[in-house]
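Right, one structure below, let's go through it.
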Amino acid sequence: MNELTQAELLERVNTSRIADGNPRVREITARIVSDLFKTIDQFDVQPDEFWAAVDWFSRLGSSGQTGLITAGLGFDRLLDIREDEADRATGRAAGTPRAIEGPLYVPDAPLSRGEVHLDEGSAPRGEAFVMEGRVVDVNGKPLPEAMVEVWHADENGRYSHFAPGLSPFSLRRRILVDEQARYRFRSFLPPGYAIPPASPTSELFEALGRHGNRPAHIHFLVSSRGMRTLTTQVNIPGDTFIDDDFAFATRDGLIVELEPNTAPTGYESLGVKEPFTRVRFDFVMQQAAELSESKPQARMARALD
Ligand code: DHB
Ligand code: FE
């Protein structure tokens, strides 16, 4: 009775119970455990290899890098692809394409109305850059209650709150659009990003023979009452990794057009005097199908709410 073959053990693991539990969790766990039993058997995984992998998981968890691994192994993009497919199937595919949130969002960034100098208080970093546009619905109607949250990496590819030494909320802001649903911000064009070296994430990527680079990008979380919260990013053209993002997040509709060396007037309030690089980009939001879709929250917070 207590001498078990592999198959009998798997059956016992997946069927033993003293209560109903959660049927969905039971089914999915059974599938994952079955697949891992098979993997161990097929590759003749040795105990030392197994325990090294368990140790890697523990270090991954305590380093707070689980979100880096999900992005790098394609899960974040997979969820986007599946939502895109569902949108096409239900005739909802419209508006600005979604893109992965990444693991580096921080809520409650400082709030401004209409415009903000994203890197205020710090020395100029490269050519000034202004990004501006409107938030509209799929019919082009302005959404004057919209909130645009923006975050990007610093000149060394690091994010505040995740790399030591950066001031809180640096390069993170929330912009409540103006009465014409316009937003604009001044910053600098960020470089690409690379996963932290000498970390559980980089260990796995080295073992896989993969790089951990992302092309230059800027993150957005756009929300408005009654509209489906939009998580997206734009990519800056010309980056070496634009078609080779380790997180697979680049999308055609999200590569912005740079207008370098422009000198339009009306940007004095952002302190831009020299010619600068401009990007114009409107965010086009879908109507929310249900209340939960319009929660102005990031991925993890929405899941846990
Ligand atoms: C990761 C980093 C990012 O800046 C991002 O946008 C997505 C993913 C990462 O390290 O996994
Ligand atoms: Fe990022």
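Whatever order the structure lists ligands and atoms in, that order sets their numbers, starting from 1.
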> Quick one: do Met131 and Val135 end up in the same hydrophobic cluster if we chain Ile, Leu, Val, Met, Phe, Trp and Tyr together by side-chain heavy atoms under 4.5 Å apart?
Replying inline: yes

> Is the distance from the Fe ion (ligand 2) to some N, O or S atom of Gln233 under 2.8 Å?
Replying inline: no

>> If only side-chain N and O atoms count, and only distance matters, is there a donor-acceptor pair under 3.5 Å linking Ser224 with Glu145?
In response: no

>> Among residues at least two apart in sequence or on other chains, which ones pass ring-ring contact (aromatic ring centres under 6.0 Å, His included) with Phe185?
In response: none

> If you stand at the Fe ion (ligand 2) and look out to NE2 of His217 and NE2 of His219, what angle do those two lines make, to 10°?
Replying inline: 100°

> Do Gln287 and Asp137 have side-chain atoms, one donor and one acceptor, less than 3.5 Å apart?
Replying inline: no

>> Distance under 4.0 Å, heavy atoms only, partner ligand 1: which residues pass?
In response: Gly67, Leu68, Ala71, Ile100, Gly102, Pro103, Leu104, Tyr159, Tyr193, Arg214, His217, His219, Gln233, Phe246

>> If the cut-off is 2.8 Å, does any N/O/S atom of His152 fall short of it from the Fe ion (ligand 2)?
In response: no

>> For Gln233 and Asn235, which I'm curious about, is there any donor-acceptor pair between the side chains at under 3.5 Å?
In response: no

> For residues Glu115 and Ser269, is any side-chain donor paired with an opposing acceptor at under 3.5 Å?
Replying inline: yes

> What's the shortest heavy-atom distance between Ile100 and Arg77, and which atoms?
Replying inline: CG2-N, 3.7 Å

